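Here is the structure we will look at, set down as C-alpha coordinates.
Values reported hereafter were calculated over all heavy atoms of this structure, with side chains retained and with hydrogens, waters and symmetry mates removed. Just so it is clear, the structure is predicted and the values come from calculations on it, not from any experiment. Below, chain A is the first sequence line, B the second, and so on; all start at residue 1.
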There are 2 protein chains.
Amino acid sequence: MNTAPAEDPRWLDDEEQRTWRAYLHASVLLEDHLDRQLQRDAGMPHIYYGLLVQLGESPRRRLRMTELARNAKITRSRLSHAIARLEKNGWVRREDCPSDKRGQFAVLTDEGMEVLRRTAPGHVAAVRQAVFDRLSPEQQKSLGEIMQIVAEGLQPEEAGADLPWLR
Amino acid sequence: MNTAPAEDPRWLDDEEQRTWRAYLHASVLLEDHLDRQLQRDAGMPHIYYGLLVQLGESPRRRLRMTELARNAKITRSRLSHAIARLEKNGWVRREDCPSDKRGQFAVLTDEGMEVLRRTAPGHVAAVRQAVFDRLSPEQQKSLGEIMQIVAEGLQPEEAGADLPWLR
DNA sequence: ACCCATTACTTGAACTATCAAGCTTCAAGC
DNA sequence: GCTTGAAGCTTGATAGTTCAAGTAATGGGT
(Lines give C-alpha, C1' and ligand atoms only; values in the text may rest on other atoms or scores of the structure.)
Protein backbone atom coordinates (compact mmCIF):
# COMPACT_ATOMS: atom_id res chain seq x y z
CA MET A 1 0.00 0.00 0.00
CA ASN A 2 2.99 2.29 0.15
CA THR A 3 4.18 4.50 -2.69
CA ALA A 4 7.79 5.11 -1.91
CA PRO A 5 10.75 3.22 -0.54
CA ALA A 6 12.12 6.56 0.69
CA GLU A 7 15.61 5.19 1.03
CA ASP A 8 18.43 5.68 -1.41
CA PRO A 9 16.18 6.96 -4.13
CA ARG A 10 17.06 6.48 -7.76
CA TRP A 11 17.31 10.11 -8.81
CA LEU A 12 16.61 11.08 -12.36
CA ASP A 13 19.73 11.19 -14.46
CA ASP A 14 20.45 14.18 -16.68
CA GLU A 15 18.50 12.96 -19.63
CA GLU A 16 15.53 11.94 -17.52
CA GLN A 17 15.65 15.35 -15.90
CA ARG A 18 15.52 17.06 -19.26
CA THR A 19 12.67 14.88 -20.40
CA TRP A 20 10.68 15.45 -17.26
CA ARG A 21 11.18 19.21 -17.28
CA ALA A 22 10.29 19.41 -20.93
CA TYR A 23 7.10 17.58 -20.11
CA LEU A 24 6.30 19.84 -17.19
CA HIS A 25 6.98 23.00 -19.13
CA ALA A 26 5.06 21.95 -22.18
CA SER A 27 2.08 20.72 -20.24
CA VAL A 28 1.63 23.86 -18.17
CA LEU A 29 2.23 26.13 -21.13
CA LEU A 30 -0.24 24.17 -23.21
CA GLU A 31 -2.91 24.03 -20.57
CA ASP A 32 -2.57 27.75 -19.87
CA HIS A 33 -2.66 28.52 -23.56
CA LEU A 34 -5.84 26.55 -24.19
CA ASP A 35 -7.45 27.86 -21.02
CA ARG A 36 -6.89 31.40 -22.16
CA GLN A 37 -7.98 30.69 -25.70
CA LEU A 38 -11.26 29.21 -24.52
CA GLN A 39 -11.81 31.73 -21.79
CA ARG A 40 -11.48 34.44 -24.38
CA ASP A 41 -13.48 32.83 -27.19
CA ALA A 42 -15.99 30.70 -25.33
CA GLY A 43 -16.13 32.24 -21.88
CA MET A 44 -15.13 29.11 -20.00
CA PRO A 45 -12.05 27.16 -18.97
CA HIS A 46 -10.78 24.22 -20.95
CA ILE A 47 -12.23 21.56 -18.74
CA TYR A 48 -15.71 23.04 -18.87
CA TYR A 49 -15.49 23.07 -22.62
CA GLY A 50 -14.56 19.40 -22.49
CA LEU A 51 -17.72 18.71 -20.53
CA LEU A 52 -19.87 20.30 -23.20
CA VAL A 53 -18.07 18.28 -25.86
CA GLN A 54 -18.73 15.04 -24.01
CA LEU A 55 -22.39 15.87 -23.68
CA GLY A 56 -22.62 16.89 -27.33
CA GLU A 57 -21.30 13.51 -28.40
CA SER A 58 -23.67 11.52 -26.23
CA PRO A 59 -27.05 10.14 -27.25
CA ARG A 60 -29.79 12.65 -26.52
CA ARG A 61 -27.00 15.03 -25.50
CA ARG A 62 -27.12 13.79 -21.94
CA LEU A 63 -25.02 11.86 -19.50
CA ARG A 64 -25.37 10.77 -15.93
CA MET A 65 -23.30 12.94 -13.61
CA THR A 66 -21.12 10.08 -12.46
CA GLU A 67 -20.39 8.91 -15.97
CA LEU A 68 -19.55 12.41 -17.13
CA ALA A 69 -17.23 12.80 -14.18
CA ARG A 70 -15.55 9.52 -15.00
CA ASN A 71 -15.10 10.43 -18.66
CA ALA A 72 -13.70 13.83 -17.83
CA LYS A 73 -11.43 12.45 -15.12
CA ILE A 74 -12.71 14.75 -12.42
CA THR A 75 -14.39 14.23 -9.07
CA ARG A 76 -18.14 14.29 -8.74
CA SER A 77 -17.81 17.24 -6.44
CA ARG A 78 -15.93 19.25 -8.99
CA LEU A 79 -18.47 18.29 -11.60
CA SER A 80 -21.35 19.43 -9.41
CA HIS A 81 -19.83 22.87 -9.10
CA ALA A 82 -18.97 22.99 -12.78
CA ILE A 83 -22.44 22.00 -13.92
CA ALA A 84 -23.92 24.58 -11.57
CA ARG A 85 -21.87 27.23 -13.31
CA LEU A 86 -22.73 25.99 -16.80
CA GLU A 87 -26.37 25.86 -15.81
CA LYS A 88 -26.21 29.53 -14.88
CA ASN A 89 -24.92 30.22 -18.37
CA GLY A 90 -27.84 28.30 -19.81
CA TRP A 91 -25.59 25.85 -21.62
CA VAL A 92 -26.53 22.81 -19.60
CA ARG A 93 -29.58 21.82 -17.61
CA ARG A 94 -30.14 19.04 -15.10
CA GLU A 95 -32.81 16.41 -15.41
CA ASP A 96 -33.91 13.79 -12.95
CA CYS A 97 -33.27 10.21 -13.85
CA PRO A 98 -36.61 8.38 -14.03
CA SER A 99 -35.25 4.96 -13.12
CA ASP A 100 -33.08 6.06 -10.20
CA LYS A 101 -34.27 8.89 -8.05
CA ARG A 102 -30.77 9.63 -6.83
CA GLY A 103 -29.56 10.11 -10.37
CA GLN A 104 -29.19 13.28 -12.39
CA PHE A 105 -28.63 13.81 -16.05
CA ALA A 106 -26.62 16.72 -17.32
CA VAL A 107 -28.16 17.78 -20.62
CA LEU A 108 -26.61 20.04 -23.22
CA THR A 109 -29.09 22.78 -24.17
CA ASP A 110 -29.54 24.20 -27.66
CA GLU A 111 -27.76 27.28 -26.47
CA GLY A 112 -24.88 25.16 -25.26
CA MET A 113 -24.78 23.34 -28.58
CA GLU A 114 -24.63 26.67 -30.34
CA VAL A 115 -21.69 27.84 -28.24
CA LEU A 116 -19.92 24.63 -29.13
CA ARG A 117 -20.62 25.03 -32.83
CA ARG A 118 -19.36 28.57 -32.76
CA THR A 119 -16.19 27.96 -30.82
CA ALA A 120 -15.07 24.49 -31.83
CA PRO A 121 -13.29 25.58 -35.02
CA GLY A 122 -11.12 28.07 -33.18
CA HIS A 123 -10.29 25.53 -30.55
CA VAL A 124 -9.26 22.83 -33.00
CA ALA A 125 -7.14 25.39 -34.77
CA ALA A 126 -5.43 26.27 -31.50
CA VAL A 127 -4.73 22.61 -30.78
CA ARG A 128 -3.38 22.04 -34.26
CA GLN A 129 -1.18 25.06 -34.10
CA ALA A 130 0.22 24.19 -30.69
CA VAL A 131 0.64 20.46 -31.20
CA PHE A 132 -0.14 18.62 -34.41
CA ASP A 133 1.30 21.13 -36.84
CA ARG A 134 4.63 20.84 -35.10
CA LEU A 135 4.93 17.08 -34.91
CA SER A 136 5.77 14.51 -37.55
CA PRO A 137 3.34 11.63 -38.06
CA GLU A 138 5.72 9.33 -36.19
CA GLN A 139 5.89 11.74 -33.29
CA GLN A 140 2.12 11.97 -33.17
CA LYS A 141 1.92 8.22 -33.08
CA SER A 142 4.50 8.02 -30.29
CA LEU A 143 2.76 10.67 -28.29
CA GLY A 144 -0.51 8.77 -28.48
CA GLU A 145 1.07 5.52 -27.38
CA ILE A 146 3.05 7.08 -24.57
CA MET A 147 0.12 8.98 -23.15
CA GLN A 148 -2.07 5.95 -23.42
CA ILE A 149 0.39 4.01 -21.30
CA VAL A 150 0.71 6.74 -18.71
CA ALA A 151 -3.06 7.15 -18.47
CA GLU A 152 -3.58 3.43 -18.00
CA GLY A 153 -1.06 3.39 -15.20
CA LEU A 154 -2.97 6.04 -13.32
CA GLN A 155 -6.50 4.79 -13.82
CA PRO A 156 -8.04 3.10 -10.78
CA GLU A 157 -7.85 -0.17 -12.71
CA GLU A 158 -10.63 -0.01 -15.20
CA ALA A 159 -9.46 -3.29 -16.61
CA GLY A 160 -11.92 -5.91 -15.53
CA ALA A 161 -14.55 -3.29 -14.87
CA ASP A 162 -17.22 -5.64 -16.12
CA LEU A 163 -15.58 -8.58 -14.44
CA PRO A 164 -16.29 -7.56 -10.88
CA TRP A 165 -15.22 -10.91 -9.43
CA LEU A 166 -11.69 -10.10 -10.50
CA ARG A 167 -11.49 -6.95 -8.46
CA MET B 1 -3.16 38.93 -34.72
CA ASN B 2 -5.89 36.32 -35.03
CA THR B 3 -5.54 32.72 -34.03
CA ALA B 4 -8.13 30.98 -36.12
CA PRO B 5 -9.45 31.04 -39.67
CA ALA B 6 -12.81 29.94 -38.24
CA GLU B 7 -14.02 28.72 -41.62
CA ASP B 8 -14.07 25.14 -42.80
CA PRO B 9 -11.86 23.95 -39.98
CA ARG B 10 -9.65 20.93 -40.41
CA TRP B 11 -11.13 18.71 -37.76
CA LEU B 12 -9.01 16.09 -36.09
CA ASP B 13 -9.26 12.72 -37.77
CA ASP B 14 -9.85 9.59 -35.73
CA GLU B 15 -6.25 8.94 -34.96
CA GLU B 16 -5.55 12.55 -34.05
CA GLN B 17 -8.61 12.46 -31.80
CA ARG B 18 -7.33 9.41 -30.00
CA THR B 19 -3.91 10.95 -29.60
CA TRP B 20 -5.30 14.20 -28.26
CA ARG B 21 -7.64 12.54 -25.82
CA ALA B 22 -4.92 10.25 -24.60
CA TYR B 23 -2.82 13.32 -23.96
CA LEU B 24 -5.60 15.13 -22.16
CA HIS B 25 -6.46 12.16 -20.00
CA ALA B 26 -2.90 11.36 -19.10
CA SER B 27 -1.98 14.93 -18.32
CA VAL B 28 -4.88 15.58 -15.98
CA LEU B 29 -4.51 12.21 -14.28
CA LEU B 30 -0.81 12.76 -13.85
CA GLU B 31 -1.11 16.28 -12.55
CA ASP B 32 -3.84 15.26 -10.11
CA HIS B 33 -1.80 12.31 -8.98
CA LEU B 34 1.32 14.35 -8.28
CA ASP B 35 -0.67 17.13 -6.67
CA ARG B 36 -2.21 14.68 -4.25
CA GLN B 37 1.07 12.94 -3.61
CA LEU B 38 2.77 16.20 -2.72
CA GLN B 39 -0.16 17.63 -0.85
CA ARG B 40 -0.15 14.54 1.30
CA ASP B 41 3.60 14.17 1.79
CA ALA B 42 4.84 17.74 1.61
CA GLY B 43 1.78 19.82 2.36
CA MET B 44 1.81 21.79 -0.85
CA PRO B 45 0.70 21.50 -4.47
CA HIS B 46 3.00 20.36 -7.22
CA ILE B 47 3.77 23.80 -8.56
CA TYR B 48 4.78 25.13 -5.15
CA TYR B 49 7.12 22.23 -4.77
CA GLY B 50 8.62 23.15 -8.14
CA LEU B 51 9.30 26.63 -6.83
CA LEU B 52 11.25 25.28 -3.89
CA VAL B 53 13.23 23.03 -6.21
CA GLN B 54 14.15 25.97 -8.43
CA LEU B 55 15.28 27.97 -5.46
CA GLY B 56 17.23 25.06 -4.08
CA GLU B 57 19.18 24.74 -7.31
CA SER B 58 20.04 28.42 -7.52
CA PRO B 59 23.18 30.08 -6.20
CA ARG B 60 22.67 31.25 -2.65
CA ARG B 61 19.26 29.56 -2.83
CA ARG B 62 17.68 32.70 -4.17
CA LEU B 63 16.08 34.03 -7.31
CA ARG B 64 14.48 37.27 -8.36
CA MET B 65 10.72 37.01 -8.44
CA THR B 66 10.51 37.65 -12.14
CA GLU B 67 13.09 35.06 -12.99
CA LEU B 68 11.49 32.47 -10.79
CA ALA B 69 8.15 33.17 -12.43
CA ARG B 70 9.70 32.81 -15.85
CA ASN B 71 11.39 29.52 -14.96
CA ALA B 72 8.26 28.10 -13.47
CA LYS B 73 6.09 29.32 -16.35
CA ILE B 74 3.66 31.17 -14.17
CA THR B 75 2.57 34.78 -13.93
CA ARG B 76 4.18 37.14 -11.48
CA SER B 77 0.84 37.59 -9.83
CA ARG B 78 0.47 33.91 -9.18
CA LEU B 79 3.98 33.80 -7.89
CA SER B 80 3.33 36.64 -5.45
CA HIS B 81 0.45 34.74 -3.91
CA ALA B 82 2.38 31.50 -3.90
CA ILE B 83 5.42 32.99 -2.20
CA ALA B 84 3.17 34.64 0.35
CA ARG B 85 1.84 31.23 1.26
CA LEU B 86 5.25 29.58 1.34
CA GLU B 87 6.47 32.45 3.49
CA LYS B 88 3.73 31.70 6.00
CA ASN B 89 5.02 28.14 6.14
CA GLY B 90 8.49 29.43 6.82
CA TRP B 91 9.93 27.69 3.77
CA VAL B 92 10.77 30.83 1.85
CA ARG B 93 11.52 34.39 2.81
CA ARG B 94 11.69 37.58 0.80
CA GLU B 95 14.70 39.82 0.62
CA ASP B 96 15.07 43.22 -0.95
CA CYS B 97 17.36 43.50 -3.90
CA PRO B 98 20.16 45.92 -3.03
CA SER B 99 20.81 47.06 -6.60
CA ASP B 100 17.20 47.58 -7.64
CA LYS B 101 14.79 48.80 -5.04
CA ARG B 102 11.81 47.46 -6.97
CA GLY B 103 13.27 44.01 -6.87
CA GLN B 104 12.67 41.14 -4.49
CA PHE B 105 14.49 37.91 -3.97
CA ALA B 106 12.72 34.77 -2.95
CA VAL B 107 15.06 32.83 -0.69
CA LEU B 108 14.75 29.21 0.34
CA THR B 109 15.08 28.92 4.13
CA ASP B 110 16.81 26.08 5.93
CA GLU B 111 13.43 24.83 6.91
CA GLY B 112 12.37 24.86 3.27
CA MET B 113 15.52 23.00 2.31
CA GLU B 114 14.73 20.41 4.94
CA VAL B 115 11.23 19.86 3.59
CA LEU B 116 12.73 19.36 0.18
CA ARG B 117 15.28 16.88 1.45
CA ARG B 118 12.62 14.95 3.25
CA THR B 119 10.10 14.79 0.45
CA ALA B 120 12.16 14.65 -2.73
CA PRO B 121 12.73 10.88 -2.66
CA GLY B 122 9.03 10.12 -2.46
CA HIS B 123 8.33 12.52 -5.25
CA VAL B 124 10.93 11.09 -7.60
CA ALA B 125 9.57 7.66 -6.85
CA ALA B 126 6.08 8.79 -7.76
CA VAL B 127 7.30 10.26 -11.03
CA ARG B 128 9.22 7.13 -11.88
CA GLN B 129 6.33 4.90 -11.10
CA ALA B 130 3.87 6.94 -13.11
CA VAL B 131 6.08 7.69 -16.09
CA PHE B 132 9.61 6.41 -16.48
CA ASP B 133 9.07 2.88 -15.25
CA ARG B 134 6.42 2.40 -17.89
CA LEU B 135 8.26 3.72 -20.91
CA SER B 136 11.01 2.21 -23.01
CA PRO B 137 14.20 4.24 -23.47
CA GLU B 138 13.07 5.12 -26.99
CA GLN B 139 9.74 6.31 -25.72
CA GLN B 140 11.42 8.43 -23.09
CA LYS B 141 13.58 10.00 -25.76
CA SER B 142 10.56 10.67 -27.98
CA LEU B 143 8.63 12.18 -25.13
CA GLY B 144 11.45 14.58 -24.38
CA GLU B 145 11.78 15.66 -27.99
CA ILE B 146 8.06 16.08 -28.49
CA MET B 147 7.54 18.10 -25.36
CA GLN B 148 10.52 20.23 -26.15
CA ILE B 149 8.97 21.12 -29.49
CA VAL B 150 5.58 21.88 -28.01
CA ALA B 151 7.09 24.03 -25.29
CA GLU B 152 9.14 26.02 -27.77
CA GLY B 153 6.07 26.69 -29.85
CA LEU B 154 4.30 28.20 -26.86
CA GLN B 155 7.10 30.29 -25.41
CA PRO B 156 6.78 34.00 -26.06
CA GLU B 157 9.75 33.75 -28.40
CA GLU B 158 12.70 33.55 -26.13
CA ALA B 159 14.88 33.10 -29.15
CA GLY B 160 16.52 36.41 -29.84
CA ALA B 161 15.75 37.59 -26.36
CA ASP B 162 19.05 39.39 -26.26
CA LEU B 163 18.60 40.59 -29.81
CA PRO B 164 15.80 43.02 -29.16
CA TRP B 165 16.04 44.63 -32.59
CA LEU B 166 14.80 41.38 -34.07
CA ARG B 167 11.57 41.49 -32.21
C1' DA C 1 16.45 68.54 -13.62
C1' DC C 2 12.28 66.56 -15.41
C1' DC C 3 9.15 63.78 -18.02
C1' DC C 4 7.42 59.25 -19.22
C1' DA C 5 7.31 54.79 -20.89
C1' DT C 6 8.82 50.50 -18.92
C1' DT C 7 9.86 47.19 -15.46
C1' DA C 8 9.08 44.89 -10.92
C1' DC C 9 6.11 43.46 -7.94
C1' DT C 10 1.60 43.50 -5.15
C1' DT C 11 -3.25 43.64 -4.18
C1' DG C 12 -8.25 42.55 -4.06
C1' DA C 13 -12.11 40.60 -6.17
C1' DA C 14 -14.18 37.04 -8.71
C1' DC C 15 -13.75 32.52 -9.99
C1' DT C 16 -12.46 27.56 -9.65
C1' DA C 17 -10.72 23.45 -7.05
C1' DT C 18 -10.46 20.39 -3.16
C1' DC C 19 -11.80 18.14 0.93
C1' DA C 20 -14.75 16.51 4.29
C1' DA C 21 -19.29 16.20 5.60
C1' DG C 22 -23.95 15.72 4.43
C1' DC C 23 -28.58 14.01 2.47
C1' DT C 24 -31.25 10.85 -0.17
C1' DT C 25 -32.13 6.61 -2.53
C1' DC C 26 -31.07 1.89 -3.63
C1' DA C 27 -30.65 -2.98 -2.94
C1' DA C 28 -29.23 -7.02 -0.43
C1' DG C 29 -29.94 -9.73 3.60
C1' DC C 30 -32.59 -11.14 7.14
C1' DG D 1 -40.92 -4.76 5.89
C1' DC D 2 -36.54 -3.28 8.44
C1' DT D 3 -31.83 -2.50 8.67
C1' DT D 4 -27.58 -1.40 6.84
C1' DG D 5 -23.90 -0.44 3.72
C1' DA D 6 -23.05 1.54 -0.41
C1' DA D 7 -24.04 4.63 -4.50
C1' DG D 8 -25.26 9.20 -6.42
C1' DC D 9 -25.01 13.65 -5.92
C1' DT D 10 -24.60 18.24 -3.35
C1' DT D 11 -22.92 21.59 -0.10
C1' DG D 12 -19.87 24.79 2.42
C1' DA D 13 -15.45 25.99 3.91
C1' DT D 14 -10.74 26.58 2.72
C1' DA D 15 -7.17 27.13 -0.65
C1' DG D 16 -5.40 28.40 -5.07
C1' DT D 17 -5.78 30.97 -9.66
C1' DT D 18 -6.80 34.78 -12.69
C1' DC D 19 -7.57 39.30 -14.13
C1' DA D 20 -7.40 44.13 -13.87
C1' DA D 21 -5.67 47.73 -11.52
C1' DG D 22 -2.42 49.64 -8.41
C1' DT D 23 2.28 51.50 -6.42
C1' DA D 24 6.90 52.35 -6.81
C1' DA D 25 11.51 52.53 -8.90
C1' DT D 26 14.30 52.74 -13.17
C1' DG D 27 16.43 54.47 -17.16
C1' DG D 28 16.32 57.04 -21.19
C1' DG D 29 15.65 60.94 -23.55
C1' DT D 30 15.12 66.34 -23.72
Gap between atoms [atom1] and [atom2], on [X] and [N] respectively (whole Å):
{"X": "A:L38", "N": "D:dC19", "atom1": "CG", "atom2": "P", "result": "12 Å"}
{"X": "B:Y49", "N": "D:dG16", "atom1": "OH", "atom2": "P", "result": "17 Å"}
{"X": "B:Q104", "N": "D:dA24", "atom1": "CD", "atom2": "C1'", "result": "12 Å"}
{"X": "A:L51", "N": "D:dC9", "atom1": "CG", "atom2": "P", "result": "14 Å"}
{"X": "B:R76", "N": "D:dC19", "atom1": "CZ", "atom2": "P", "result": "14 Å"}
{"X": "A:E67", "N": "D:dC9", "atom1": "CD", "atom2": "P", "result": "10 Å"}
{"X": "A:I74", "N": "D:dT10", "atom1": "CD1", "atom2": "P", "result": "12 Å"}
{"X": "B:E31", "N": "D:dT17", "atom1": "CD", "atom2": "P", "result": "10 Å"}

Does this structure show an ion pair linking [X] with [Y], if we count only N-O contacts that are shorter than 4.0 Å?
{"X": "A:R93", "Y": "A:E87", "result": "no"}
{"X": "B:D35", "Y": "B:R40", "result": "no"}
{"X": "A:R117", "Y": "A:E114", "result": "yes"}

field: Close residues, residues 53-60 of chain A, relative to DNA chain D [heavy-atom separation under 4.0 Å]
entry: none
task: Using a cut-off of strictly less than 4.0 Å between a heavy atom of the residue and any atom of DNA chain D, enumerate the qualifying residues of residues 78-94 of chain A by number.
output: A:S80, A:H81, A:R94
Mind checking what makes side-chain contact (heavy atoms from CB on, under 4.5 Å) contact with [X], not counting sequence neighbours?
{"X": "A:R62", "value": "A:R60, A:E95, A:F105, A:V107"}
{"X": "A:N89", "value": "A:R85, A:W91"}
{"X": "B:Q140", "value": "A:E16, B:F132, B:L135"}
{"X": "B:T66", "value": "B:R76"}

field: Residue pairs passing the side chain to side chain donor-acceptor pair (under 3.5 Å) test where at least one lies in residues 96-109 of chain A, sequence neighbours excluded
entry: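 Applying side chain to side chain donor-acceptor pair (under 3.5 Å) to every pair that reaches into residues 96-109 of chain A, excluding sequence neighbours, yields A:D100-A:R102.
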- request: List in chain and number order the residues that pass ring pair (Phe, Tyr, Trp, His ring centres under 6.0 Å) with B:H46, two or more places apart in sequence or in another chain; answer none if no residue qualifies.
  value: B:H123
query: Which part of the nucleic acid does A:D100 contact within heavy-atom distance under 4.0 Å: base, sugar-phosphate only, or nothing?
result: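 Since only primed, P, OP1 and OP2 atoms lie under 4.0 Å of A:D100, the category is sugar-phosphate.
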- prompt: What does A:Y48 touch in the nucleic acid at a heavy-atom separation under 4.0 angstrom: a base, only the sugar-phosphate, or nothing?
  reply: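 The answer is sugar-phosphate, as A:Y48 gets under 4.0 Å only of primed atoms, P, OP1 or OP2.
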Sequence-distant partners of A:D13, salt bridge (Lys or Arg N to Asp or Glu O under 4.0 Å), two or more places apart: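 For A:D13 there are no salt bridge (Lys or Arg N to Asp or Glu O under 4.0 Å) partners, ignoring immediate neighbours.
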Counting only pairs under 3.5 Å, give me each side-chain donor-acceptor contact of residues 51-58 of chain B, with atom names and distances, residues two or more places apart or in other chains.
from, atom 1, to, atom 2, distance (Å)
B:Q54, OE1, B:N71, ND2, 3.3
B:E57, OE1, A:R21, NH1, 3.3
B:E57, OE2, A:R21, NH2, 2.9
B:S58, OG, B:Q54, O, 2.8

Along DNA chain D (nearest heavy atom to each residue), the more 5'-positioned of A:S77 and A:Q39: A:S77
message: I want to confirm an ordering. Mapping A:R36 and B:P45 to their closest nucleotides on DNA chain D, which one lands closer to the 5' end?
response: B:P45
Residue whose nearest DNA chain C nucleotide is more 5′ - A:T75 or A:S99: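 The residue whose closest nucleotide sits nearer the 5' end is A:T75.
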statement: Min and max contacting nt of DNA chain C in 5' to 3' order, chain A heavy atoms within under 4.0 angstrom, are C:dT16 to C:dC26
- prompt: Which pairs with one or both residues in residues 132-151 of chain B pass salt bridge (Lys or Arg N to Asp or Glu O under 4.0 Å), sequence neighbours excluded?
  reply: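 Applying salt bridge (Lys or Arg N to Asp or Glu O under 4.0 Å) to every pair that reaches into residues 132-151 of chain B, excluding sequence neighbours, yields B:K141-B:E145.
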